[in-house]
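Below: one structure, written as structure tokens.
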2 protein chains.
Amino acid sequence: MNKPTVHDIAKEAGVSLATVDRVLNARPGVRKQTIARVQEAVARLGYVRDTSAANLARQRQYRFVFVLPEGPSQFVDTLTAALREATAAQIADRLLVKIVTIPAHDPHGIVRVLQGLNPARLDGVAIMAPETPQVRDAVARLRNAGLAVVALVSDLPNAPRDYFIGINSIAAGRTAGLLMGRFARAGGEVLVATNSLRSRDSLERRLGFDDVIAADFPGLAVLPTVESFDDPRRMEAVVAEVLRSRPRLVGIYSMGTGNTRILDALRESGRAGELVSIAHELTPATRRGLESGAVTAVITQNVGHLIRSALRVLRTLCDRTPIFEAQERIRIEIVVRENLP
Amino acid sequence: MNKPTVHDIAKEAGVSLATVDRVLNARPGVRKQTIARVQEAVARLGYVRDTSAANLARQRQYRFVFVLPEGPSQFVDTLTAALREATAAQIADRLLVKIVTIPAHDPHGIVRVLQGLNPARLDGVAIMAPETPQVRDAVARLRNAGLAVVALVSDLPNAPRDYFIGINSIAAGRTAGLLMGRFARAGGEVLVATNSLRSRDSLERRLGFDDVIAADFPGLAVLPTVESFDDPRRMEAVVAEVLRSRPRLVGIYSMGTGNTRILDALRESGRAGELVSIAHELTPATRRGLESGAVTAVITQNVGHLIRSALRVLRTLCDRTPIFEAQERIRIEIVVRENLP
DNA sequence: GAATTTTTGAGGTGCGTACCTCAGAATTGC
DNA sequence: GCAATTCTGAGGTACGCACCTCAAAAATTC
């Protein structure tokens, strides 16, 4: 027996094609019991809609917008590159993707951009932005307008997003902590640096990191977090100072952006290679760091998977078909010099 | 301007639909210059065949066979499970997948199975088998019959396979070496275990492992490889003996199967947690090992990606569309307790 | 039970492509 | 220049589904 079609359903349920169609596409004008009869037939025959035929028939276009932070960030650059690559490939069947950028640290600017999106001309949105009440409202507005909304990289747990595509920050921090503890067995002090602890991701990474160090590696003392507050030079200066003044320093954990400057300071100090240094996200800077030995390990997420997963999830949300969870779980990857992709 | 269709091509090239069709599907009966005219039009308009419409029209079914080793192996079990899961999901559009098993260590048995495949009833084959001259011939036969053939997990570099889906064994071994060196900073002896060094994968892993240890970690002495030759009890006994008699042992590297027994021996010895132990492939056994602390790190490949990649590649090979390389590169993943998926 | 409303059936068209036939045009060989 | 051959065009049907219309049937209301 081959794949059942709408015709088979019609025969099985003893109704006409038109009725089957009305039921399948949730169009009005069908009695409850008739709906039930059709659905039973669907279940009995194991009918599944042929998505490509359906999309062909309805001339489906998936119009998605990716909302990404603007400004210099190697991570966002690789993300954008992956997105362009994915939409250029044939994966991009019936796909129309636009990228809009938002000012990274201006909640009102972000909301202005989100409100500028016209839901009538869109089917889905992927958002990478810090969660604020205004962002939550904007997300709610888009969802209420019938759009599929996914959070990308950074979750919006209290906003009514449909899905989150990214990694758990606490687990990522714990992984960094475990590696730091294992690599810096001898014990000593560890520097933790980030742009700002006001970002939930940084905070959660720090929580996870501290948790593991405290529980399993009593020989390590984690120093208070150094924050650069969007000033790369400040970051470089502070890190250089710590490197100079702390002879017992054995490790550096960079939780967020600004890896380039931290690595510069490390190189300047002459202690690269001797210290354990762990950073997040595989970018040109961290890649060079791994190759040169200045970076010991990078905790990262596969940007290509991230993007493709977002596209797939947005699509299945639009189609209202079930999401294949196993495929969409983004892994926390550990990259060292020898398994650089 | 919307996506061009065959009609647009016909108009642009000044020929009829039938001719465009003949050119696109490489059917005979078209003059060379007409073919060129059509291809120019295709290039000019940027026409891409609508695969779903094409598949719909030709009632395409992709009939694939996965040839996997039989016998007790947790890795193959997870592979099979992933395959079942993938083919059950809607990814499995127009997909007919059969699994056949081969005797793992009997070259003639393998070839018998491969020769039993009827190329007329198949479109593609994914093979996980050790490379022998007979296997090479069998692969050549399948390819000559017009099938798409991919090597899975273990490459067949000298066979005319279309593609290899898996990780580079030397790089995997190097990664293990780097981790062992970093984790076992203090120095000492390292035990390396596998089922048999006659398997190319094991040999290459050992090469990569030794390479890195020799170059970067002079404090570590790698002992000769322990082989179990398909006898799990032998493996357990030998490992137990080494654990007892070598007080300077600081690490165990398990390159292949038999992790369950090695971990049993390790647990028995009371030295679990104290030794660095690195294994390959995330299976129920190594997962438990990570959770309990008996295993320090696992080098693995994402089985789900492996399977989905194989399915995608086989499909694009059948469609003769270009492979999206970036998506199909399987990464060497490092799993520790904290980033267990 | 007549009038109304709600359901249902039959049928058609189109999406972009594959594949088929048959007639007529262009090209080739001699 | 004629027959034989090779190309090409016009047209059709089919794939599985979405979406539309119009009329007929059934259920509901009063």
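Chain naming here is simple, since letters A, B, ... match the order of the sequence lines and numbering starts at 1 in each.
Contacts of Asn55(B) with the nucleic acid, taken as non-hydrogen atoms under 4.0 Å apart, are absent. Counting any heavy atom pair closer than 4.0 Å across all strands shown, Ala54(A) reaches sugar-phosphate atoms only and no base atom. At a threshold of 4.0 angstrom between heavy atoms, the contacts of Arg22(B) include nucleobase atoms, whether or not backbone atoms are also involved. Residue contacts for His7(A): at a heavy-atom cut-off of 4.0 Å it reaches no nucleic acid atom on any strand shown.
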Evaluation steps, salt bridge (Lys or Arg N to Asp or Glu O under 4.0 Å), between Arg94(B) and Asp50(A): CA-CA 9 Å; Arg94(B) 304 168 193 287; Asp50(A) 184 321; 2.4 Å; yes
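Of the candidates dC15(C), dA18(C), dG9(C), the closest approach to any side-chain atom of Val15(A) belongs to dG9(C). Nearest to the side-chain atoms of Arg58(B) among the listed nucleotides dC20(C), dG9(C), dA18(C) stands dA18(C). When the nucleotides dA18(C), dT8(C), dG9(C) are ranked by their closest atom to the side chain of Asp21(B), dA18(C) comes out on top.
If you take CZ of Arg94(B) and C1' of dA18(C), they are 13 Å apart, rounded to a whole angstrom. Counting to the nearest Å, the P atom of dC20(C) and the CZ atom of Arg27(B) are 7 Å from each other. Residue Ile9(B) contributes atom CD1, which lies 12 Å from atom P of dA18(C) at whole-angstrom precision. Atom NZ in Lys32(A) sits roughly 14 Å away from atom P in dT6(C) (whole-Å rounding). One atom, CG of Leu24(B), and another, C1' of dT17(C), lie 10 Å apart when rounded to the nearest Å. Rounded to a whole Å, the CG atom of Asp50(A) is 14 Å from the C1' atom of dT17(C). Going from atom CG of Leu17(B) over to atom P of dT17(C) covers 10 Å, rounded to whole Å.
The phosphate of dT8(C) (OP1 or OP2) has a side-chain N or O of Arg31(A) nearer than 4.0 angstrom. OP1 or OP2 of dG9(C) has at least one side-chain nitrogen or oxygen of Thr19(A) nearer than 4.0 Å. The shortest distance between the side-chain N/O atoms of Gln59(A) and the OP1/OP2 oxygens of dG16(C) is below 4.0 Å.
A residue-by-residue look at Gln33(A) and Ala57(B) shows that Gln33(A) has its nearest nucleotide of DNA chain C further toward the 5' end. Residues Ala53(B) and Ser16(B) each lie close to DNA chain D; by heavy-atom proximity, the contact nearer the 5' end of the strand is made by Ser16(B).
Shown here for Cys318(B) and Phe64(B), the closest heavy-atom pair between the two residues is SG-CE2, 3.8 Å. Minimum interatomic distance between Val303(B) and Ala82(B) (heavy atoms only, all atoms of both residues): CG1-CB, 3.7 Å. Annotation for Ala310(B) and Leu152(B): closest pair CB-CD1, 3.8 Å, computed over non-hydrogen atoms.
Chain A approaches DNA chain D within less than 4.0 angstrom (heavy atoms of the protein), and the contacting nucleotides run 5' to 3' from dG16(D) to dA27(D).
Formation of a donor-acceptor pair under 3.5 Å by the Asp319(B) side chain with backbone atoms of Thr321(B) is not found in this model. Using modelled atom types, no side-chain atom of Asp21(A) and backbone atom of Leu17(A) make a donor-acceptor pair closer than 3.5 Å. Distance alone, capped at 3.5 Å, is enough to place a donor-acceptor pair between the Glu131(A) side chain and the Asn158(A) backbone.
The distance from the OG1 atom of Thr283(A) to the CG atom of Leu79(A) is 12.5 Å, given to the nearest 0.5 Å.
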